[in-house]
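Side chains included, hydrogens not; waters and symmetry mates left out as well; all remaining heavy atoms used. Below, chains carry the letters A, B, ... as their sequence lines are ordered, and counting in each starts from 1.
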Number of protein chains: 2
Amino acid sequence: MECVADDLFKALADPTRRTILDELTESSGQTLFEICSRLSMRHGLGLSRQAVSQHLAVLEAAGLVETRREGRYKFHDLNTAPLREITERWLAPGESAPEESTP
Amino acid sequence: MECVADDLFKALADPTRRTILDELTESSGQTLFEICSRLSMRHGLGLSRQAVSQHLAVLEAAGLVETRREGRYKFHDLNTAPLREITERWLAPGESAPEESTP
DNA sequence: TTGATAGGCAAGTGAACACTTGCCTATAGT
DNA sequence: ACTATAGGCAAGTGTTCACTTGCCTATCAA
């Protein structure tokens with residue numbers, strides 16, 4: 001019950017991953033190379049392909065990104081649903097089930 | 001513009017800090033020792049006083065906790081306002097100013 | 001088949017982080 | 001005065017994390 005939240009908040013902790021979410025918000029369904037070049041072009045982030053790939057894996061583990069494969073392409077789609085947990089936990093106290101056990 | 005978000009998301013990344021936010025949601029205005037004992041009693045977290053103090057400092061840097069001093073007591077109050085940035089950034093695309101520069 | 005493109009796996013490195021221990025300051029009760 | 005309570009500062013430690021480098025697989029075009 002905490003393991004999910006743990007992945008979610010850990011995914012959001014990195015600024016590069018948040019920028020990736022921004023880019024996917026603007027244009028969902030991008031490939032790894034598209035995201036790489038957008039990070040480089042528009043944000044000056046000269047990261048290696050693997051670095052971005054690892055970031056996407058973290059975002060996928062958090063449920064914030066979903067992937068679909070077509071041939072040799074892998075498209076990345078944004079899923080904002082997990083973010084609603086944040087809203088319901090502290091911004092709307094007493095609507096859902098809060099309370100967290102141990103880390 | 002990113003420095004604020006960086007503190008915010010970093011603060012939320014730790015499960016102990018999220019539990020502290022839960023406790024302050026339930027009862028705002030607690031002292032350091034109150035928070036310590038509640039973490040121990042209700043969540044089985046046997047942390048040192050300093051550990052909790054450092055967590056509170058991180059939460060305060062993120063703007064999620066505000067403090068007021070009275071005599072030798074220091075009370076900690078919850079402030080959920082910074083959390084709305086998350087909602088406005090990805091859950092309501094195009095209402096506020098998104099776009100992040102570099103990490 | 002050859003070569004180019006899109007992506008994956010795994011080990012290594014340096015920095016950031018959570019937590020501890022030890023000592024110090026300030027307020028309050030006796 | 002003395003003692004206990006509430007909190008702060010700072011150095012040390014072990015772990016986690018972001019990122020790189022090197023090599024390997026799979027799809028498509030010539």
Side-chain angles (χ1 to χ4, degrees), chain A residues 2-3 5-21 23-24 29-40 43-62 64-77 100 102-103, chain B residues 2-3 5-21 23-24 29-40 43-62 64-77 100 102-103:
Chain A
E2 166 57 28
C3 45
D6 212 46
D7 287 341
L8 172 62
F9 289 103
K10 199 176 297 180
L12 293 172
D14 187 85
T16 302
R17 284 195 288 268
R18 294 197 296 273
T19 304
I20 292 175
L21 292 182
E23 287 302 320
L24 288 179
Q30 298 185 54
T31 67
L32 173 59
F33 278 84
E34 282 182 283
I35 297 171
C36 277
S37 58
R38 284 177 83 126
L39 289 178
S40 175
H43 301 275
L45 295 174
L47 294 168
S48 70
R49 180 177 52 84
Q50 275 73 10
V52 179
S53 180
Q54 285 166 11
H55 280 309
L56 287 170
V58 173
L59 289 169
E60 193 172 4
L64 289 166
V65 162
E66 288 165 356
T67 59
R68 55 196 153 90
R69 247 219 137 103
E70 285 178 27
R72 60 175 162 173
Y73 297 104
K74 191 182 181 184
F75 300 104
H76 300 266
D77 297 297
E100 181 172 327
T102 83
Chain B
E2 167 55 31
C3 45
D6 213 43
D7 287 341
L8 172 63
F9 289 104
K10 199 177 297 181
L12 292 172
D14 187 85
T16 301
R17 284 195 287 269
R18 294 196 296 273
T19 305
I20 291 175
L21 291 182
E23 287 302 320
L24 288 179
Q30 298 185 54
T31 68
L32 173 58
F33 277 84
E34 283 181 283
I35 297 171
C36 278
S37 58
R38 283 176 85 124
L39 288 177
S40 174
H43 301 276
L45 296 173
L47 295 167
S48 71
R49 179 177 52 85
Q50 275 72 10
V52 179
S53 179
Q54 286 167 10
H55 281 308
L56 287 169
V58 174
L59 289 170
E60 193 173 3
L64 290 167
V65 162
E66 289 165 355
T67 59
R68 55 194 154 92
R69 243 213 141 112
E70 285 178 27
R72 62 175 161 172
Y73 297 103
K74 190 181 183 185
F75 300 104
H76 301 264
D77 297 296
E100 181 173 329
T102 82

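With sequence neighbours left out, A:V58 forms a side chain to side chain contact (heavy atoms under 4.5 Å, CB included) with A:A11, A:R17. Looking at residues two or more places apart in sequence or on another chain, you find no side-chain hydrogen bond (donor to acceptor under 3.5 Å, both in side chains) involving B:R69. Scored by the salt bridge (charged side-chain N to carboxylate O under 4.0 Å, His left out) test, A:K74 finds no partners at all (sequence neighbours excluded). By the side-chain hydrogen bond (donor to acceptor under 3.5 Å, both in side chains) test, A:Q50 pairs with no residue at all, sequence neighbours left out. Annotation: side-chain hydrogen bond (donor to acceptor under 3.5 Å, both in side chains) contacts of A:Q54 (sequence neighbours excluded): none. Every residue meeting the side chain to side chain contact (heavy atoms under 4.5 Å, CB included) condition with A:A13, not counting sequence neighbours, appears here in chain and number order: B:A13. In this view, B:T67 and B:E60 satisfy the side-chain hydrogen bond (donor to acceptor under 3.5 Å, both in side chains) rule, not counting sequence neighbours. Under the side chain to side chain contact (heavy atoms under 4.5 Å, CB included) criterion, B:F75 pairs with B:T31, B:R68, B:E70, B:Y73, sequence neighbours left out. A:D7 meets the salt bridge (charged side-chain N to carboxylate O under 4.0 Å, His left out) test with no other residue; sequence neighbours excluded.
Atom CZ in B:R68 sits roughly 15 Å away from atom C1' in D:dA6 (whole-Å rounding). Regarding A:L39, its CG atom lies at a distance of 14 Å from the C1' atom of D:dA18, rounded to whole Å. Rounded to an integer number of Å, the gap from A:R69 CZ to D:dA26 P is 10 Å. At whole-Å resolution of the value, CG in B:L32 and P in C:dC19 are 14 Å apart. Atom CG in B:L45 sits about 10 Å away from atom P in C:dT20, given to the nearest Å. One can place NZ of A:K74 at 13 Å from C1' of C:dC9, the figure rounded to the nearest angstrom. For B:L47 and C:dC17, the CG to C1' distance is 14 Å, given to the nearest whole Å.
Put simply, the side chain of B:D77 does not reach to within 4.5 Å of the side chain of B:L24, judged on heavy atoms.
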Using a cut-off of 4.0 Å between protein heavy atoms and nucleotide atoms, how would you tag nucleotides 22-30 of chain C 5' to 3' with B, S and -?
B----BS--

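Take the nearest nucleotide of DNA chain D for B:T31 and for A:G46: the residue whose nucleotide is more 5' is B:T31.
Here A:R17 reaches the OP1 or OP2 of D:dA18: one of its side-chain N or O atoms lies under 4.0 Å away.
Within residues 51-59 of chain A, the residues approaching DNA chain C are A:S53, by heavy-atom distance under 4.0 Å. Taken residue by residue, residues 6-13 of chain B places no heavy atom nearer than 4.0 Å to DNA chain D.
Salt bridge present: B:D6 and B:K10 bring a charged side-chain N and a carboxylate O closer than 4.0 Å.
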